[in-house]
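Just so we're on the same page: letters track the sequence lines, and every chain starts at 1. All values below were derived from every heavy atom in this structure, side-chain atoms included, with hydrogens, water molecules and symmetry-related copies excluded.
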Amino acid sequence: MSASSTPGNPSLTGGAGATFAGSIHEWVTTVDHKRLGLLYIGSGLLFFLIGGVEAALMRAQLAMPGNELLEPQEFNRLFTMHGTTMVFLVGMPIITGFGNYLIPLMIGARDMAFPRLNAWGFWMFLFGGLVLYMSYFASMGLYGAGTAPDVGWFAYAPLSGRAFSRGNATDYWVLGIMISGFGSISGAVNMIATTITMRCRGMTMGRLPLFVWMMLVVSFLILLALPVLTAAQVMLLFDRFLGAHFFDTQAGGDAVLWQHFFWFFGHPEVYILMIPGFAYASEIIPVFSRKVIFGYSFMVAATIAIGLVAVGVWAHHMFTVGMGRGLNIWFAVITMVVGIPTGIKLFNWIATMYGGKIQMKTPMLFCIGFLGQFLVAGLSGILLSGAPLNWQLSDSYFVVAHFHFVLIGGLLFTIFAALYYWFPKVTGLMLSEKLGRWHFWLFFVGFHVTFTTMHVQGILGMPRRIYTYPGDRGWAIWNFISSAGVVFQMAGVLCFLAAVVLAFKRPRRAGPDPWNAWTLEWSTSSPPPAYNFLTLPEVRSRRPLWDLKHPHDPDWEHE
Amino acid sequence: MLGAAGLAAAETAVRTPAFFEPVAEPAGMILDYGSLLVATCLGIFIVVMGLLIFTIIRFRASSADDGLEPPQVYGSDQLELAWTIVPVLLVVVLGLVTAGRIVAIQRDTAPEGSLSVRVVGHQWWWELEYPGYGFTTANELHLPVDRTAFLELESQDVIHSFWLPQLSGKTDLIPNRRNVLWIEPKETGMVVGQCAEYCGTQHAHMLLRVFVHEPDEFERWAQEQQRQARTAPGVEEGRALFARTACVNCHTVRGVSEIGRFGPDLTHLMSRTTLAAGAATNDRANLVDWITDPNHIKPGARMPAMKLSEREIGLVAGYLASLD
Amino acid sequence: METKSELAPEAGVELPASTSAPLYFALGLSMLLASLVTNVLFAWTGGALAIWGAVAWWREMFPHEQKVVEPAQSEAERAPPVKPVPERVRNLVAGQDGHRVRLPLEYHPYSGGLRGGLAGGAAMVVAALLYGLVTDGSPWPLVNGFAALVFPLFGAPPPPDSLSFHPGIAAAAGLLHVSFSLMLGLVYASVLPMLPGHPRLWGGLVAPLAWSGAGFVCLELVDPGSAGRIQWGVFVTLQIIFGMTAGEVISRSRPVQTLQSYPLAARAGLEAEMREDDT
Amino acid sequence: MTAAQALPMEGSSWNRGRVGMACLIFGESTFFSIFVVAYLFYLGKSLSGPQPQDVLEFPLVATVCLLSSSLTVVWGVRALAAGRRWQAGLGLALTVGLGASFIGATALEWSRLIFQQGLAIDTNLFGTTFYSLVGFHAAHVILGLMMLSGIGVGVAAGKVTAQHAERVEIVSWYWHFVDAVWLVVLTTVYVVGV
């Protein structure tokens, strides 16, 4: 075995590369799951800022009726890029990043199963994102330079076909997402292989932390959904470059087929993004309630159930395309069924908090915000699943409100919770609790001002994706309120950035286990060494650190 | 006395297109169903949110904490069973109600004595054909009250969606397919709606107005629409100019040229209240503006600027303004 | 955990070596695909990079995986072993009254719930048929009414006041009725012991009244027509007959302890008087 | 390496290589099923000719070649595991040869369709779906051939030996998968579709 001596110091805060160039080299050649996880999360957060600016521009345009801040074409590009960015370049990398960083630590392994594939996956994601954003200045389409795609994030045919979307802008959308999709698929393969084969001694499937279980389900969903999108995008590329007719309505192609394919990916994708949020909450809520998770096996079963049902509900995005009664009934009912396992989870989280001693630290605040908002998101989802009501609400601002409640109120809140919770582990430094509270409250208020309001616009008949609207429809005041909320949200995100900067400027050491938690990652130093565990741990229950902390009352006697 | 001119001013005031103020079926049936769903969800919301808030308040760690870890409760099969089955029952009931409503609302064939209308979506305007009467108009749908209108929805280019919240739910217009929709207006007056599926640059300006008339008023309007275009005195030069330029490649004016199918039928242009699918009110000034440079009113519109001189524009606008 | 050392770990740990191969491979593939919309130069560069990356990757793995030895952290850097904490745990003690919602330490067996549900459902059917026989001279009107309520999707169901027997409708209504009865029986079996006071009161009266009320409100909202057709007095009476019968049958079934061993059984009951104890 | 610690569960029946390949195959299957769905959905919906029944011929030779190559690869891998180098090399060479003749047969079929029957990818919906589905399968065959011939060269050069048998077996799973996909494609295109 060839063993050269390399520094490979895992520390984030100092001593890694002797020089700047050296440290860059270390980061780009790394195959360490923790560094790749951080790269994923870091680039996801950068894209988050870009996507946030895009959203802010749109809200500025919509603040007044008849506003002429943005050209229609520019607005259409913004919502396309905003949606695509937030789903593929923010949600996906951040959940993959947390999975990468935490799965090996939580199951007591030293790395992912395929470290190099892991690196490849990250770079594919990043280059995919760069290709997408290259369209802003490198497109060689008919309209000259700088035509970002403007077909919406689900690129419905035939609008995205050759006839109606000339130039290369849509091709950039296809290629960028396809490339980053390969990265996601490889990441999913890696997470599954890691979870199945790399567990430490005693870590049976029944003792996996819920985080790992949920990421396992997510990985299977990725394997099921992402290739579908890739296949559909390949067809679209064939249409656009080779003159094929998959979605070419002039030659008998079917516009609705694209919708079926896209949503067969797109709906599981919603759960791919949302289940990691459940995963963070399932780790954080017990620790800050000082109680074991309530109904572990039911949580696992509910997650698997959501995963299974998730592949049968896609056409509830398509109640308005004129499907037959039978299909409409099926997709309406099966969509309502999703509410059952989701409800089980919600009840179990509340039951976990019930009877505990809830510590209102920043991660827990974000988790509580998540619980309330996700309840609303789920119930507005039930409303949307009722096909007749959906005929009124779909493609209106009500839908916009609904999925932002899911993705911001649900996912982003738990991502923030996770950032505050695991930041001490990753850096060895505590984030300011005070700034964290400011962050939470500003973001919470801003979120509700913007998105709770949007339900109203939808009910008042405002369709989504319009760059302007007449002043006599009664929507103006609500839009103005929605736009005003953006300011609070931005201030909240600035608090977060300030907290991160402050953590490094005025370091407060966290120690290995600042939250008095129970999973394996808290048993190693913060930040963890490159090898995670000098000696591989051995566990006897779901909460190995509880066992060590309470040797007279260990978990394994009760599981 | 003609067309829109005959409508009372109050009837053309825009009302917020809120679906909770239905003026027709099936919007009314949908609202009933929606209220049931909302009531159910509100009940669930109150119960769960109450539980959550109670838990947070009751079990907050107090400052006078005794330092003991709380009892560790692993779960309860009974509770899990209960909060699984109760939602299952709810879903079964809601599912049955939903199925019933879908069957009641979704109709595939035209009922006896219904008014047939063919709606064709274009980027970015609505073509409205009344096959029973043999004329075509655009962007403003006229319907008689208390009679079912059976709409066939098609598209010329990309996917659009037909949505008038106060009349019915939305249904997509899809190229290569034929969707149907029925509306039975219960009140006269005007309601507004617009395209609800993103269809390109000017999706925002694909607005639609529906005028619901008393039956005799509707018949009068339809007869006016059936006439050939009026040949008013004093606009002959404008008419000749219109017929000579590329205008007629896209626009039909019955009696002048009927080859143009790409743009809206202009035979009774002035009977409509708006221009460019609702982007501007239909008056002489806007007409001049629109012909001079459509991009000024509706950036990205498919109609080209004809590059006519100012005088020619005046003549054409004068002619068009005579088409009532 | 930390205390169980295996081989001499002080030397360090073997880890996969850093490599730029995946980066090159990814860059090459991305450029190759991006060449479709940019320039043929992208294709050539991308192809070359991809091949270079693939070969380098292969060499990382073959014939042996490239590894480096990561030196172990110094003692000072390491996380200290996890120590027992001084905090004790409040333990639950079974079988005493408390001030929070009580969960059962013992509950009625699921079979009891199923039996109860079936019995309640049967009682309800018998009552409904008898009521029809007495008032209309035919046992079927309530069955048909039930069907008319929930099966409008099967084309045209018989009018609710129809006196004749429709086998298809009766079968469908029966199926729905049985599954509802079974599920409700299970809920009764698991929830009734949790509630304070007399279980027969909750199961026999409160619950049926609650869901009848909810049903009435909902039906008024969604379909006032059919709400008016229902004889609500009869409806509520039937529900109470179900509740009474089911509750009675279930509470007669011999309660069993929760399936877990005793300490867990104590834990499964959410609440009891707390006792400070560290065992 | 004194500090070298075997990764847990390495060498058990489900090591990471096997799990990884199984996952890859799972993902690829979803990819292919979308193309199969598109093919079946558009069956008979072409607005112009030619139609499948006019131009397609049952690819008997190609099928026999590809299916038998699954057997030869098993034989080769077993030989490699047993350390019979020449037999292993022969097995892999046979597999590559059979796979290559499958590709050759596909190439012949395509040239016949394109140049004699006038069916290209942009001709009609049949051409669109046919070339994509069959083409993607052929691309996977070629990828498999590249991997197998790389291993074959390694075996011939004596660099791939019995200790690599498991990794080679995992690669052969991919080959079996490509075969299985062919059965689906065959059924879809040449049996159901004509």
Quiz item: Does any heavy atom of chain A fall under 4.5 Å from the side chain of B:Gln123, the backbone, both, or neither of them?
Solution: side chain
Quiz item: What option among B:Val88, B:Leu90, B:Val180, B:Ile44 has the most heavy-atom pairs under 4.5 Å with chain A?
Solution: B:Val88
Quiz item: So which part of B:Val38 gets closer than 4.5 Å to some heavy atom of chain A, the side chain, the backbone, both or neither?
Solution: both
Exercise. For chain B, find which of A:Val337, A:Asn348, A:Ile334 contributes the most heavy-atom pairs closer than 4.5 angstrom.
Key: A:Asn348
Quiz item: Can you tell me how far the CZ atom of B:Phe19 sits from the CD1 atom of A:Ile459, to the nearest 0.5 Å?
Solution: 5.5 Å
Quiz item: Which bit of A:Leu346 comes within less than 4.5 Å of chain B, counting heavy atoms only: side chain, backbone, both or neither?
Solution: side chain
Quiz prompt | Spatial distance of atom CG (B:Leu37) from atom CG (A:Leu383) [nearest 0.5 Å] | solution = 6.0 Å
Quiz item: So, for B:Glu69 and A:Arg290, which heavy atoms are closest and what is the spacing to 0.1 Å?
Solution: OE2-NH2, 2.8 Å
Exercise. Work out which heavy atom in A:Thr468 is nearest to a heavy atom in B:Ala204; give both atom names and the distance.
Key: O-CB, 3.6 Å
Practice problem: State, with a plain yes or no, whether a side-chain heavy atom of B:Thr171 is found less than 4.5 Å away from one of A:Trp391. | Solution: no
Self-check item: Choice from B:Gly193, B:Ser168, B:Ala104, B:Pro26 maximising heavy atom contacts with chain A below 4.5 Å
Solution: B:Ser168
Practice problem: Write down the atom of A:Ala157, the atom of B:Ile159, and the distance for their closest heavy-atom approach. | Solution: O-CD1, 3.3 Å
Self-check item: Heavy-atom pair count under 4.5 Å with chain B, highest-scoring of A:Thr352, A:Asn390, A:Leu393
Solution: A:Leu393
Quiz prompt | More than 12 heavy atoms of other groups within 6.0 Å of B:Trp182 CH2 | solution = yes
Quiz item: Minimum heavy-atom separation for A:Pro158 to B:Pro175, with atom names?
Solution: CG-CG, 3.8 Å
Quiz item: Would a distance-only check, ignoring hydrogens and angles, find a side-chain to backbone donor-acceptor pair under 3.5 Å from B:Gln194 to A:Met462?
Solution: no
Exercise. Would you check if the side chain of B:Thr16 reaches a backbone N or O of A:Arg473 as a donor-acceptor pair within less than 3.5 Å?
Key: yes
Self-check item: All pairs passing salt bridge (charged side-chain N to carboxylate O under 4.0 Å, His left out) where residues 152-172 of chain B contributes a residue, at least two apart
Solution: B:Arg118-B:Glu154, B:Glu152-B:Arg178
Quiz item: With ring centroids as reference points, do A:Tyr354 and B:Phe59 lie under 6.0 angstrom apart?
Solution: yes
Quiz item: Top residue by heavy-atom pair count (under 4.5 Å) with chain B, among A:Pro286, A:Gly474, A:Ser297, A:Gly322?
Solution: A:Gly322
Quiz prompt | Among A:Ile382, A:Asn328, A:Val376, A:Leu371, residue most engaged with chain B (heavy-atom pairs, under 4.5 Å) | solution = A:Asn328
Self-check item: Side chain B:Glu197, main chain A:Asp395, donor-acceptor under 3.5 Å
Solution: no
Quiz prompt | Option that, when pairs with chain A are counted at under 4.5 Å, heavy atom only, ranks first among B:Thr98, B:Val86, B:Ile53 | solution = B:Thr98
Exercise. Mark yes or no for whether A:Arg325, through its side chain, and B:Gln106, through its backbone, hold a donor-acceptor pair below 3.5 Å.
Key: yes
Quiz item: side chain to side chain contact (heavy atoms under 4.5 Å, CB included) between B:Leu79 and A:Phe347: does it pass, once the steps are laid out?
Solution: CA-CA 9 Å; B:Leu79 264 187; A:Phe347 289 127; over 6 Å; no
Quiz item: Do A:Thr249 and B:Arg177 pass the side chain to side chain contact (heavy atoms under 4.5 Å, CB included) test, and can you show the C-alpha distance, the side-chain angles, and the key distance before you say yes or no?
Solution: CA-CA 9 Å; A:Thr249 47; B:Arg177 287 202 176 207; over 6 Å; no
Quiz item: If you measure from CG on A:Asn76 to OH on B:Tyr198, what distance do you get to the nearest 0.5 Å?
Solution: 3.5 Å
Self-check item: Closest heavy-atom pair and its distance - A:Ser289, B:Pro70
Solution: O-CG, 3.8 Å
Self-check item: Distance in Å, A:Gln392 CD paired with B:Ile30 CD1, rounded so as to fall on 0.5 Å steps
Solution: 5.0 Å
Self-check item: B:Ile174 versus chain A, the contacting section by heavy-atom distance below 4.5 Å
Solution: side chain
Quiz prompt | chain A contact via B:Phe54 - side chain, backbone, both or neither, heavy atoms under 4.5 Å | solution = side chain
Quiz item: Can you name the closest pair of heavy atoms from B:Pro299 and A:Glu71 and give their distance?
Solution: CB-OE1, 4.5 Å
Exercise. Measure distances from B:Ile105 to the heavy atoms of chain A and classify the residue's part below 4.5 Å as side chain, backbone, both or neither.
Key: side chain
Quiz item: If you count heavy-atom pairs under 4.5 Å between each of B:Gly34, B:Ala196, B:Cys199, B:Gly95 and chain A, which one has the most?
Solution: B:Ala196
Quiz prompt | Part of B:Trp163 within contact of chain A (heavy atom distance under 4.5 Å) | solution = side chain
Quiz prompt | Near-ring test A:Tyr467/B:His205, centroid separation under 6.0 angstrom | solution = yes
Practice problem: May I have the step-by-step check of side chain to side chain contact (heavy atoms under 4.5 Å, CB included) for A:Met360 and B:Ile56, ending in yes or no? | Solution: CA-CA 9 Å; A:Met360 291 292 177; B:Ile56 294 167; 3.1 Å; yes
Quiz item: Ignoring hydrogens and geometry, is there a side-chain-to-backbone donor-acceptor pair from B:Asn176 to A:Gly253 under 3.5 Å?
Solution: yes
Quiz item: Relative to chain B, which of A:Val151, A:Ile466, A:Thr320, A:Val256 shows the most heavy atom pairs under 4.5 Å?
Solution: A:Thr320
Quiz item: Contact part of B:Leu42 toward chain A, heavy-atom cut-off under 4.5 Å: side chain, backbone, both or neither?
Solution: neither
Quiz prompt | Which atoms of B:Val48 approach chain A - backbone, side chain, both or neither, heavy atom under 4.5 Å | solution = both
Self-check item: Side-chain heavy atoms of A:Leu460 within contact of B:Phe20, under 4.5 Å
Solution: yes
Practice problem: For A:Leu389 and B:Tyr33, run side chain to side chain contact (heavy atoms under 4.5 Å, CB included): C-alpha distance rounded to whole Å, both residues' side-chain angles, the deciding distance at 0.1 Å, then the answer. | Solution: CA-CA 7 Å; A:Leu389 192 56; B:Tyr33 168 79; 4.0 Å; yes
